[in-house]
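Here the structure is laid out as structure tokens; the discussion comes afterwards.
Any value given below was found using the heavy atoms of this structure, including those in side chains, with hydrogens, waters and symmetry copies removed. Chain letters run A, B, ... following the sequence lines, proteins first and then strands; every chain starts at 1.
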2 protein chains.
Amino acid sequence: MHYEPDTLFFTQLSRFQRLYARSLAARLAPLGVHSGYLGVLHYLWQRDGITQKTLHELMPVEQATLSNTLKRMERDGLIARTPDPDDKRAHVITLTPRANALKPQVMQAIGDLRAAVNTGLTVNDRRYFRRIMRQMTESLETDQEDAPVLLLDEVGP
Amino acid sequence: MHYEPDTLFFTQLSRFQRLYARSLAARLAPLGVHSGYLGVLHYLWQRDGITQKTLHELMPVEQATLSNTLKRMERDGLIARTPDPDDKRAHVITLTPRANALKPQVMQAIGDLRAAVNTGLTVNDRRYFRRIMRQMTESLETDQEDAPVLLLDEVGP
DNA sequence: TGGCGCTATATAGCCTGCTATCAACAAGGG
DNA sequence: CCCTTGTTGATAGCAGGCTATATAGCGCCA
């Protein structure tokens with residue numbers, strides 16, 4: 001009875017995520033969209049003209065990551081950043097016409113991939129999978145809160 | 001009835017994978033091990049002294065990725081590369097004593113994390129999850145084989 | 001009002017992955 | 001024996017993540 005299941009769970013998970021990203025990339029490439037842009041597009045399609053800060057509050061990536069992603073999206077002509085009249089530190093992010101026009105094709109690509117990945121699975125399988133993934137995600141969030149805060153001595157005078 | 005489930009499956013999956021990697025990193029950092037090293041360590045602990053090519057055949061990453069990972073592991077004193085006597089292009093990769101000594105702690109870290117992630121899940125949940133993940137992974141592999149090979153005209157003289 | 005601390009964003013530097021390409025060596029055929 | 005073709009590994013350059021830190025502007029309070 002093997003204790004170590006030959007390939008690590010982490011390895012399989014990473015591989016799965018990378019395969020997913022690659023299939024997505026294959027479908028999005030002709031549109032000039034990268035997988036990292038998806039989250040931004042998703043929220044801006046719902047609510048255009050917000051600041052980076054607001055967008056950041058909606059998305060599960062760090063501020064620096066978002067900043068870099070927005071830079072590439074600007075370079076690729078998907079968003080524009082105009083100064084926020086109310087706060088000179090901030091910029092209002094808006095989608096370009098091109099980005100707006102892309103929505104149906106991007107949605108189609110996502111749907112296509114979803115269908116491909118779901119072949120052979122029941123509705124129940126999918127729900128169950130998402131439920132377990134959500135629960136594991138919560139456990140990981142907790143795990144990181146419980147992080148070793150240590151080094152709290154040495155605060156001396 | 002929402003068709004679009006608020007956050008994209010891909011986004012959730014990526015986030016889950018990143019959280020997993022981060023929790024792993026938190027446990028491995030004190031050992032001087034990065035998450036990308038795990039696969040290499042895993043296989044070399046089983047079978048030390050193989051070439052990069054052999055290792056590559058075992059691992060689900062591209063050759064260039066492996067090459068870079070090995071470079072960082074060498075820099076960090078975990079592996080050594082000695083010339084292969086049978087083939088002057090190749091190097092034999094061996095673990096350093098430090099890397100060998102690290103095995104119990106790394107295994108412990110992996111086990112700890114596994115336990116943390118599995119809290120609240122039944123054995124059945126875990127098995128089911130892995131099964132669905134494996135099946136989705138296979139669907140994605142198929143998806144990429146079916147890739148648009150296109151551009152096969154224009155070969156003419 | 002002048003300065004200090006907080007906040008919005010950008011940048012530097014790293015890890016991990018990818019594709020494309022190159023250099024060096026191996027192996028076989030003519 | 002040499003020359004072509006294949007194979008092993010390294011490198012360049014990019015995407016997308018991260019932490020840490022810098023910069024600029026906002027706001028408040030003394």
Side-chain angles (χ1 to χ4, degrees), chain A residues 10-11 13-26 28-29 32-40 50-57 59-76 78-79 81-93 144 147, chain B residues 10-11 13-26 28-29 32-40 50-57 59-76 78-79 81-93 144 147:
Chain A
F10 175 67
T11 303
L13 174 61
S14 297
R15 175 161 150 70
F16 175 45
Q17 192 274 331
R18 274 164 17 232
L19 284 171
Y20 207 110
R22 213 197 293 192
S23 281
L24 207 45
L28 294 178
V33 172
H34 290 275
S35 68
Y37 301 176
L38 275 187
V40 174
I50 59 183
T51 65
Q52 187 182 123
K53 189 206 157 167
T54 307
L55 189 53
H56 174 51
E57 282 161 5
M59 291 179 58
V61 295
E62 295 304 315
Q63 178 267 322
T65 301
L66 180 55
S67 178
N68 283 323
T69 300
L70 291 173
K71 194 197 292 179
R72 291 196 303 277
M73 291 181 75
E74 189 171 36
R75 178 202 64 194
D76 294 352
L78 292 171
I79 60 159
R81 281 186 278 195
T82 54
D84 183 335
D86 301 342
D87 185 339
K88 284 180 195 161
R89 292 166 303 179
H91 306 287
V92 172
I93 304 166
Q144 312 204 347
Chain B
F10 175 67
T11 303
L13 174 61
S14 297
R15 174 160 151 70
F16 176 45
Q17 192 275 330
R18 273 161 23 228
L19 284 171
Y20 207 109
R22 213 198 291 193
S23 282
L24 208 44
L28 294 178
V33 172
H34 290 276
S35 68
Y37 301 175
L38 275 187
V40 174
I50 58 184
T51 65
Q52 186 181 124
K53 189 204 158 171
T54 306
L55 188 54
H56 174 52
E57 282 162 5
M59 291 180 57
V61 295
E62 295 305 314
Q63 178 267 321
T65 301
L66 179 55
S67 178
N68 282 323
T69 300
L70 291 173
K71 194 197 291 179
R72 291 193 304 274
M73 291 181 75
E74 190 171 36
R75 179 201 64 194
D76 294 352
L78 293 171
I79 61 160
R81 281 185 279 196
T82 54
D84 183 335
D86 300 343
D87 186 337
K88 284 181 193 160
R89 290 167 304 179
H91 305 287
V92 173
I93 304 166
Q144 312 204 347

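B:K53 contributes atom NZ, which lies 9.5 Å from atom CG of B:D87 (distance to the nearest 0.5 angstrom). Between A:E62 atom CD and A:L66 atom CG the span is 10.0 Å, to the nearest 0.5 Å.
A close approach under 4.0 Å does occur between a side-chain nitrogen or oxygen of A:T65 and OP1 or OP2 of D:dC18. For the pair B:R22 and C:dC15, the criterion of a side-chain N or O lying under 4.0 Å from OP1 or OP2 is not met. One finds a side-chain N or O of B:K71 lying less than 4.0 angstrom from the OP1 or OP2 phosphate oxygen of D:dT11. Considering only side-chain N and O atoms, A:T69 lies nowhere under 4.0 angstrom from the phosphate OP1 or OP2 of D:dG16. Using a 4.0 Å cut-off, no side-chain N or O of B:R15 falls inside it from OP1 or OP2 of D:dC18.
Ranking D:dT19, C:dC15, C:dC18 by closeness to the B:V61 side chain, first place goes to C:dC18. Minimum atom distance to the side chain of B:R89 is reached by D:dT8, of the listed D:dT8, C:dC18, D:dC18. Taking only side-chain atoms of A:Q52, from C-beta outward, the nucleotide of C:dA10, D:dA15, D:dA12 with the closest atom is C:dA10. Considering only the side chain of B:A90, D:dT8 comes nearest among D:dT8, D:dG25, C:dT16.
Residues B:T54 and B:T51 have side chains that bring a donor and an acceptor to within less than 3.5 angstrom of each other.
No donor-acceptor contact under 3.5 Å links the side chain of A:Q63 to the base of C:dA8.
Across all strands shown, B:S14 has no heavy atoms under 4.0 Å from either base or sugar-phosphate atoms. Residue contacts for A:A21: at a heavy-atom cut-off of 4.0 Å it reaches no nucleic acid atom on any strand shown.
For the pair A:R18 and A:D87, both in contact range of DNA chain C, the more 5′-proximal nearest nucleotide belongs to A:D87.
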